[in-house]
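These notes concern the structure reproduced below.
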Amino acid sequence: MKKVLGGLLVATAVVSLAACSGGEKKASSDVSIKDRYELDEKTPAWKLDKKKETTKIRWYINSDWTSLPFGKDVTTAQIKKDLNVDIEFISGDDSKLNAMISSGDMPDIVTLTEKTGQAALKADSWAYSLNDLAKKYDPYLMKVVNQDTFKWYALEDGKTYGYPNYSNTKADYESGNIPVNDNFVIREDVYNALGKPDVSTPENFEKVMQQIKEKYPEMTPMGFTTVGDGAGPFLDKLQDFLGVPLEDKNGKYYDRNLDKEYLEWLKTFNDVYRAGNISDDSFTDDGATFDEKVKQGNYASMLVAGTSGQGGNFTEFMKKSGTRYIAIDGPSSTSGRKPTLNQTGISGWLSNYITKDAKDPAKVTQLFTYLIDEPGQILTKYGVEGVTYAYNDQGKIDYLPEVKKLEQTDNDAYNKKYGISRFLYFNNDRVNKLKVPMESALTQMQEWGKGKLVPHFVIENINPDAGTPEARANEAIETKLNTTVISMIRAKDDKAFDKSLEDYKAFLKSNKWDAIEKIKSEKMAENRDKLK
């Protein structure tokens, strides 16, 4: 679901709310809870609130995203019933957000997709701190927030304004509840027919791709998830498979893009490409074209970024072919470094804020508490007990037969009726442990990844601040890097490969790279302080 919705979200740079509103936003009139409930640290306020009138909440998502209907499916109908709220979702781009700010009519909740933009950094000027809201309206909120996440999101004043979904902490990584989401996969029939070959070294990889070409001429030996305007899985994903360090021996920024082993593997892919074992089409295929090729099993092997997003394609291929794609040890370190695969980090994905224009900040605070608390997590991820699921003898959540059947036979109707895992603005992976494990096309791939996830927290959000000369230079470098990596893989000969690399190195020198590296190292030090 994260992968699917992620594709719908446009990751635009968020405008500075503070600047557009002419300075710090003045809070709306205080809402009295005197006649509604008394604060109780042991009980969530939504269970105490005697307010009879339905609270209408306007919730803005700063992305070009089709909003979900609220109250029509089983999941959101339960939220509506429990909290006596009605939510209107608004979505759009920076221009729409600007217009709302200029008119002085902000919604109750704002969800941002950019965690290092000016809006997030200046949140104290337009949003309430959750610390203050908890103290005033719902102290139970502080019992349900993840303290590591809460601390990570604190601004310079020590207060926290935004709270994310899918924020994974060190404890989450160690729990085993987070599945890997990147794999090197191969068709099992091809793998077995070739004698289960080792493809973990550059030499073996190149040899096996050639064997596949000769034995299965109808297949493309190696494919990969779409690259679009970037470099797809050939940047940080490949680096993680190779265990490229996140920092140097002194704890400073380490340029993973110039790591020796990483460059060796790019050269290997170039050799494979020049041998005709990587198709030119793979660099230009859009998502739909790639999906269809996966369903047909056209690729003998693939480097996959976002395995969960391919679950439907892998399932369809498995059903129609009698074989399946399996994960194996693909490109690996030549010096014995272990894989350091990454998943969503402590910064999470979306971040949610309660604005100072909220009409009833008490009720909105209750909504935050409700959705962050474990019962709310179970509701939004699995639905309603007795309606969508039941607990088995082992105390695990298991979907009811009719729910499973509808999901398999009519997924659109399933989504519309139940809304399971669609209201995900505060979701995380911690309640995965409560569900009955289900065998799927992804199971083996996720099993392969156990023990290979390593937090990348120290390098989260370390790019220069938006609007600075270094930020503009860094953006230009990232664009140049993407084109360079693809050019290196598609180079016609060794000379062209080397020229692309040297051109990139020269581009770094002429675009403030020394200053950018210094900023990245400084922000890494700040991250370590947050993680203490």
Side-chain angles (χ1 to χ4, degrees), residues 168-176 178-186 197-206 208-209 222 224-225 230-272 301-308 326-347 444-462 478 481-482 484-485 488-489 501 517 520-521 524 527-528 531:
N168 291 315
T169 66
K170 182 180 179 182
D172 293 323
Y173 270 77
E174 293 172 348
S175 71
I178 309 172
V180 297
N181 202 32
D182 306 302
N183 293 95
F184 181 81
V185 302
I186 188 169
D198 170 42
V199 294
S200 64
T201 67
E203 297 77 16
N204 286 354
F205 190 92
E206 192 173 347
V208 172
M209 293 302 114
M222 181 194 164
F224 41 88
T225 39
F234 292 109
L235 278 172
D236 57 315
K237 305 302 183 183
L238 175 58
Q239 292 162 4
D240 291 343
F241 280 111
L242 306 180
V244 177
L246 304 178
E247 53 193 312
D248 67 17
K249 294 179 181 179
N250 298 314
K252 301 292 185 181
Y253 176 76
Y254 179 75
D255 192 349
R256 305 177 86 207
N257 304 315
L258 296 180
D259 178 77
K260 181 182 177 182
E261 291 186 38
Y262 171 62
L263 295 176
E264 285 176 354
W265 270 100
L266 290 184
K267 182 64 176 66
T268 299
F269 289 132
N270 175 236
D271 292 338
V272 173
S301 68
M302 286 183 286
L303 187 61
V304 180
T307 308
S308 60
I326 60 170
I328 63 171
D329 293 339
S332 303
S333 168
T334 55
S335 65
R337 300 186 304 209
K338 301 295 183 183
T340 53
L341 301 187
N342 193 23
Q343 245 275 22
T344 309
I346 195 168
S347 300
Q444 185 274 340
M445 300 175 191
Q446 293 172 347
E447 287 291 328
W448 171 89
K450 286 188 175 180
K452 297 181 176 68
L453 283 176
V454 175
H456 287 34
F457 305 156
V458 72
I459 60 170
E460 287 187 32
N461 310 326
I462 62 172
E478 289 180 348
L481 174 64
N482 283 320
T484 296
V485 167
M488 289 167 71
I489 295 173
L501 179 58
E517 282 191 309
K520 288 175 180 283
S521 292
M524 288 169 66
N527 284 349
R528 289 191 193 90
L531 294 167

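Side chains are part of it too, since the values below use all heavy atoms of this structure and drop only hydrogens, waters and symmetry mates.
- A salt bridge links Arg256 with Asp240: at least one charged nitrogen is closer than 4.0 Å to a carboxylate oxygen.
- When the salt bridge (Lys or Arg N to Asp or Glu O under 4.0 Å) test is applied to Glu261, the partners found at least two apart in sequence or on another chain are Arg337.
- Taking CD from Gln239 and OG from Ser333, the interatomic distance works out to 13.0 Å, rounded to the nearest 0.5 Å.
- A side-chain donor from one of Asn181 and Ser308 sits under 3.5 Å from a side-chain acceptor of the other.
- Residues passing the side-chain hydrogen bond (donor to acceptor under 3.5 Å, both in side chains) test with Asn482: none are found, sequence neighbours excluded.
- With hydrogens and angles left out, the side-chain atoms of Ser200 and Asp329 include no donor and acceptor closer than 3.5 Å.
- Less than 6.0 angstrom separates the ring centroid of Tyr173 from the ring centroid of Phe457.
- Val180 is not listed as a side-chain neighbour of Gln343, based on a closest heavy-atom distance of 4.5 Å or more.
- In this structure a side-chain-to-backbone donor-acceptor pair under 3.5 Å is missing from Asn204 to Val199.
- Proximity of a side-chain donor or acceptor of Asp259 to a complementary backbone N or O of Val244 within less than 3.5 Å is not detected.
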- Message: Using the rule given for salt bridge (charged side-chain N to carboxylate O under 4.0 Å, His left out), can you reason through Lys267 versus Glu206, listing the C-alpha separation, both sets of side-chain angles and the distance that settles it, and then say yes or no?
- Response: CA-CA 11 Å; Lys267 182 64 176 66; Glu206 192 173 347; over 6 Å; no

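- Between the CE atom of Met488 and the OG1 atom of Thr484 there is a distance of 7.5 Å, given to the nearest 0.5 Å.
- When the ring-ring contact (aromatic ring centres under 6.0 Å, His included) test is applied to Phe184, the partners found at least two apart in sequence or on another chain are Phe205.
- Side-chain N or O atoms of Ser332 include one that pairs as donor or acceptor with a backbone N or O of Gly330 at under 3.5 Å.
- For the atom pair CG (Leu242) and CD (Glu264), the distance works out to 9.5 Å, reported to the nearest 0.5 Å.
- Between the side chains of Thr169 and Asp172, at least one donor-acceptor pair of N or O atoms lies under 3.5 Å.
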- Let me see the working for Asn168 and Thr344 under side-chain hydrogen bond (donor to acceptor under 3.5 Å, both in side chains), right down to the final yes or no. CA-CA 6 Å; Asn168 291 315; Thr344 309; 4.6 Å; no

